[in-house]
Amino acid sequence: MSISIEGITKNFGSFQALKNISLEIPDGQLVGLLGPSGSGKTTLLRIIAGLESADEGRILFHGEDVTRLHVRERRVGFVFQHYALFRHMTVAQNVAFGLDVLPSRERPPAAEIHKRVQMLLEMVQLGHLADRYPAQLSGGQKQRIALARALSMKPQILLLDEPFGALDAKVRKDLRRWLRTLHEEFHFTSVFVTHDQEEALELSDQVAVMSAGKIEQVDTPQKLYAQPSSRFVFDFLGQVNVFRGERSDSTLRQGDAWVRLPDAAGATSLQLYMRSHEVRLQTTPAAHAYLPLRIESVSLVGAEVRLELSPVGWASDEPWEVGITHAQFNTWQPQRGDQCFAVPQVAHLIEVDAHTPHTLRWEAGEMDDPAAMI
Ligand code: ADP
Ligand code: MG
């Protein structure tokens with residue numbers, strides 16, 4: 001079931017929590033709402049659910065206006081971070097709750113409810129815990145029960161508000177994978193709120209990045225990461241290396257450092273933003289860039305080796321970070337204190353005080369002999 005959000009505005013007293021939000025969520029998609037605390041994610045989710053009313057705008061499910069429909073009639077499933085289970089009820093009774101309280105003409109027969117609860121518990125792989133009480137479950141198990149309970153009414157729309165926020169990293173990762181599988185199997189449309197960019201990028205078909213009651217950008221995770229449309233999105237999606245300089249002709253300079261830009265830009269005060277994977281390192285300067293760096297630390301965690309670097313003869317507010325492969329690490333053997341040079345492959349040019357980045361790519365011919373690269 002598709003969800004259309006059309007021009008939603010929400011005020012709390014004189015404070016505007018949502019500013020004319022529009023978003024199309026196609027049937028069967030999992031959309032992540034990503035943004036810092038206070039950006040309006042929960043408020044938007046509650047308005048979709050019908051738990052909160054908007055001051056302006058409309059919500060449509062599958063083309064039908066549900067703006068005035070009561071939460072019960074919208075038939076959506078929810079999972080919240082602290083959507084407490086009923087402590088005095090067993091796991092099975094918790095999952096059955098929504099069905100048990102239906103008016104008798106809508107309520108399935110007891111045997112049918114029992115069967116559906118068993119099926120849902122199997123689905124979340126907790127069938128063996130049906131007779132336990134919530135206090136006897138781990139955090140991850142409780143959230144799986146909360147999800148089974150949300151699915152008991154066979155919703156076509158599932159809304160999740162930081163559902164894994166209170167769990168530890170390993171359990172979060174397992175539950176993410178498992179939510180994705182479930183989503184694909186049951187084809188509901190899901191809206192998933194998180195402030196964790198990794199979670200949003202891993203799970204979502206599309207991510208809507210929110211800031212101060214507005215949507216900054218909606219795109220696939222790949223597009224969002226490769227082509228952020230604003231500085232806010234850039235900064236929010238992870239570590240970024242910045243070279244700030246003054247342009248004269250096609251060269252951007254600061255101190256001893258400079259970068260030759262592949263296309264001339266209008267302004268003179270400019271910043272180049274580069275993600276860790278958009279920069280390579282060399283032991284000699286490149287033809288199109290002179291960005292000397294000193295290695296401050298080498299960390300061998302995970303799939304790549306992460307180097308923290310500080311500028312030499314120029315300045316940067318934050319240290320730079322570049323990842324190299326373990327194979328490159330073994331050949332080069334970089335040490336703390338060694339000097340090297342950053343070679344931008346792709347960079348995003350942002351005028352100081354401007355909003356929208358302009359992506360630059362250097363052609364292979366404009367760069368050095370690839371053999372010199374580490
Ligand atoms: P998020 O989920 O992104 O952290 P929220 O949607 O919870 O953000 O809140 C957005 C803004 O609206 C915050 O500044 C919050 O303080 C405010 N807000 C949310 N709910 C209420 C409320 N019931 N009354 C007053 N202000 C609220
Ligand atoms: Mg919230």
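One-based numbering, in listed order, for ligands and for the atoms of each. Not measured: the values here are computed from a predicted model.
- Scanning the protein for heavy atoms near atom 4 (O) of ligand 1, the closest one is G38 N, 2.7 Å.
- The distance from atom CD of Q227 to atom OG1 of T220, rounded to the nearest 0.5 Å, is 9.0 Å.
- A salt bridge is absent between R144 and D174; no separation between the charged side-chain nitrogens and carboxylate oxygens falls under 4.0 Å.
- Atom 15 (C) of ligand 1 is never approached by the protein to below 4.0 angstrom, counting heavy atoms only.
- Electrostatic pairing of D161 and K41 does not count as a salt bridge here, judged by no charged N lying under 4.0 Å from a carboxylate O.
- Close approach of ligand 1 to S37 (heavy-atom distance below 4.0 Å) involves ligand atoms 4 (O).
- Using a cut-off of 4.0 Å between Lys/Arg side-chain N and Asp/Glu carboxylate O, E304 and R306 are scored as salt-bridged.
- Near F15, meaning under 4.0 Å from one of its heavy atoms, ligand 1 places the atoms 11 (C), 12 (O), 14 (O), 17 (C).
- Considering R361, Q345, H348 in turn, H348 is the only one that fulfils the side-chain hydrogen bond (donor to acceptor under 3.5 Å, both in side chains) rule with E278.
- The distance from ligand 1 to the heavy atoms of G40 drops below 4.0 Å at these ligand atoms: 1 (P), 3 (O), 5 (P), 6 (O), 8 (O), 10 (C).
- Between R107 and L102, the closest heavy-atom pair is NH1-O, 3.1 Å.
- Contact analysis puts P36 in contact with ligand 1, with a non-hydrogen atom separation below 4.0 angstrom.
- By the definition of a contact as any protein heavy atom under 4.0 Å away, atom 26 (N) of ligand 1 is in contact.
- Scanning all protein heavy atoms for the shortest distance to atom 7 (O) of ligand 1 gives T42 CB, 3.6 Å.
- The shortest side-chain heavy-atom distance between K10 and F12 falls under the 4.5 Å cut-off.
- Nearest protein neighbour of atom 23 (N) of ligand 1, counting heavy atoms only, is F12 CE2, 3.5 Å.
- Using a 4.5 Å heavy-atom threshold, the side chains of L307 and V305 count as touching.
- The protein non-hydrogen atom at the shortest distance from atom 3 (O) of ligand 1 is K41 NZ, 2.8 Å.
- Those atoms of ligand 1 that come under 4.0 Å of a heavy atom in A17, given as number and element, are 12 (O).
- Of all protein heavy atoms, the one lying nearest to atom 5 (P) of ligand 1 is T43 OG1, 3.6 Å.
- At a threshold of 2.8 Å, the Mg ion (ligand 2) has no backbone or side-chain N, O or S atom of S37 nearer than that distance.
- The number of heavy-atom neighbours closer than 6.0 Å to CD of E64, taken from other residues, nucleotides and ligands shown, is 12 or below.
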